[in-house]
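Written below as structure tokens is the structure these notes are about.
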Number of protein chains: 2
Amino acid sequence: MSLPHAILTALLEKPSSGLELTRRFDRSIGYFWSSTHQQIYRELGKLERSGQIRALPSAQPARGQKKEYEVLPAGREELAAWIALPEDPRPVRDPLLLRMRAAAVVGAEGLGAELRRHLALHRSQLEEYLRIEERDFPPERTADEDRLRHIVLRGGIDMETFWIGWLTRALADEPVLREGPAALDEPAPAEG
Amino acid sequence: MSLPHAILTALLEKPSSGLELTRRFDRSIGYFWSSTHQQIYRELGKLERSGQIRALPSAQPARGQKKEYEVLPAGREELAAWIALPEDPRPVRDPLLLRMRAAAVVGAEGLGAELRRHLALHRSQLEEYLRIEERDFPPERTADEDRLRHIVLRGGIDMETFWIGWLTRALADEPVLREGPAALDEPAPAEG
DNA sequence: TGTAGCATGTAAATTGTTACATGATTGC
DNA sequence: GCAATCATGTAACAATTTACATGCTACA
């Protein structure tokens with residue numbers, strides 16, 4: 001149950017409206033805690049009612065009107081307390097690993113193509129992380145927050161590297177995953 | 001939405017009752033698709049009503065009585081079709097990375113201890129996977145299903161290895177994570 | 001004035017979690 | 001008989017996803 005904490009973190013980094021938060025949950029914060037605008041608006045309402053955030057005075061209370069929030073002391077305290085709270089790693093729940101296990105009983109038809117597709121996606125995500133690293137974390141920076149944020153980004157980099165390595169090795173080692181994605185002289189596969 | 005597929009896979013590997021499935025979702029299948037008995041019973045009901053599985057004839061329909069299920073052809077087809085279905089990797093949602101990002105704005109008090117705790121948990125999980133690998137996948141085995149299941153297990157091994165590497169490096173590099181679990185000769189540091 | 005895009009929301013359905021309830025079987 | 005354990009479930013709630021609804025602003 002970390003969505004409120006993700007929102008508090010984002011708002012401490014920079015006071016924002018719901019839509020601005022939504023956009024930041026598509027990059028930045030969103031790289032390790034994804035969310036949608038529906039969840040965000042609902043949670044902003046809860047956080048406001050519980051006195052952890054407030055709308056900036058300038059904001060109109062009308063619908064369709066931009067409404068910016070900032071974190072109150074109670075919210076900051078809640079966040080600091082949460083950081084130290086013991087919480088075990090989530091049990092893994094990964095559809096791709098599950099599909100491969102299923103393939104062991106009903107056949108790997110079509111799985112090789114999916115692995116190659118995922119490999120491309122992870123490579124592209126890794127490239128994006130590396131661009132961000134180059135842009136935001138030049139070697140000379142040493143403020144505490146920068147170093148911690150850099151470690152977080154390295155988490156993303158290492159995770160993508162893990163997927164790329166695992167997928168590459170699986171495809172290289174395993175003959176049953178080597179079927180072509182579609183014959184070259186057939187019409188292009190439809191995309192939805 | 002993969003729980004039904006996880007159950008179909010588990011039942012194809014071996015027809016089972018709800019409780020037996022629950023136990024296998026605590027190890028084996030559960031290493032990459034976790035679930036609880038409540039979800040499992042609910043889903044078994046749905047799968048039975050939709051004709052993808054059936055209770056074995058021997059099973060009594062009484063409460064408290066063991067009831068074993070097996071997969072019907074429709075279930076096997078559904079599973080085979082699902083394997084080839086394009087499905088993007090889930091967006092990451094990791095509380096530990098989020099906590100570190102939060103620590104960059106409100107301070108890392110207590111976070112180092114959590115990282116060390118997680119490091120120990122991941123090391124122990126890795127050891128378990130390596131024991132399973134040694135026991136179930138000796139070098140000479142070469143059946144298709146065994147090789148695929150071995151690749152899945154290697155996914156778990158590589159993932160734990162990634163976490164261990166990232167945590168180790170973070171703890172080694174970052175001074176603000178080096179606080180003791182509680183200072184031995186000081187009162188607990190106040191935090192504003 | 002109409003339409004595209006910005007911005008904030010509501011509603012419903014699904015999925016996942018936590019706590020509890022009930023019946024059967026086994027060993028004492 | 002009774003307690004422990006096996007086994008199957010219900011109920012209530014929380015989190016997440018998907019689809020839709022509404023109001024504002026700019027601009028052609």
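Labels below follow one simple rule: chain letters A, B, ... track the order of the sequence lines, proteins then strands, and each chain is numbered from 1.
- Between A:Arg149 and B:Val105 there is a side-chain heavy-atom pair separated by less than 4.5 Å.
- B:Ser17 comes within 4.0 angstrom of sugar-phosphate atoms only, judged by non-hydrogen atoms across all strands, and of no base.
- You'll find the side chain of A:Met159 reaches within 4.5 Å of the side chain of B:Phe162, heavy atoms only.
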Output, in order, the C-alpha distance, side-chain angles, deciding distance and verdict of salt bridge (charged side-chain N to carboxylate O under 4.0 Å, His left out) for B:Arg23 and B:Asp26. CA-CA 5 Å; B:Arg23 297 221 171 96; B:Asp26 278 337; over 6 Å; no

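- Straight-line distance from the CG atom of A:Leu21 to the P atom of C:dC6: 17 Å, rounded to whole Å.
- What separates CD of B:Glu68 from C1' of D:dT8 is a distance of 14 Å, to the nearest Å.
- Looking at residues 25-39 of chain A, you'll see A:His37, A:Gln38 sit with a heavy atom under 4.0 Å from some atom of DNA chain C.
- Between B:Trp163 and B:His122, the ring planes lie parallel to each other; the angle is under 30°, not in the 30° to 60° tilted range.
- One finds a salt bridge joining B:Asp173 and B:Arg169 here, because a Lys/Arg side-chain nitrogen approaches an Asp/Glu carboxylate oxygen to under 4.0 Å.
- For residues 122-131 of chain B, no pair satisfies salt bridge (Lys or Arg N to Asp or Glu O under 4.0 Å), with sequence neighbours left out.
- Going from atom OH of B:Tyr69 over to atom C1' of D:dA7 covers 12 Å, rounded to whole Å.
- Closest heavy-atom contact between B:Ile29 and B:Ala6: CD1-O, 4.2 Å.
- In this entry the distance linking CD of B:Glu20 with P of D:dT5 reads 19 Å, nearest Å.
- Atom NZ in B:Lys46 sits roughly 11 Å away from atom C1' in C:dG16 (whole-Å rounding).
- For CD of A:Glu87, the number of neighbouring non-hydrogen atoms (other residues, nucleotides, ligands) closer than 6.0 Å is greater than 12.
- In this structure, B:Arg42 does not reach the C:dG16 phosphate: none of its side-chain N or O atoms is under 4.0 Å from OP1 or OP2.
- Taken residue by residue, residues 84-101 of chain A places heavy atoms nearer than 4.0 Å to DNA chain C at A:Arg93.
- Contact check, A:Tyr41 against C:dG9: no side-chain N or O comes under 4.0 Å of OP1 or OP2.
- D:dT8 atom P lies 12 Å from atom CG of B:Leu56, rounded to whole Å.
- Atom CZ in B:Arg23 sits roughly 7 Å away from atom C1' in D:dC6 (whole-Å rounding).
- The side chain of A:Lys67 contributes no N or O atom lying less than 4.0 Å from OP1 or OP2 of D:dG23.
- Across the protein-nucleic acid pair, B:Glu43 atom CD and C:dT17 atom P stand 13 Å apart, rounded to whole Å.
- The shortest distance between side-chain heavy atoms of A:Asp94 and A:Leu98 does not fall below 4.5 Å.
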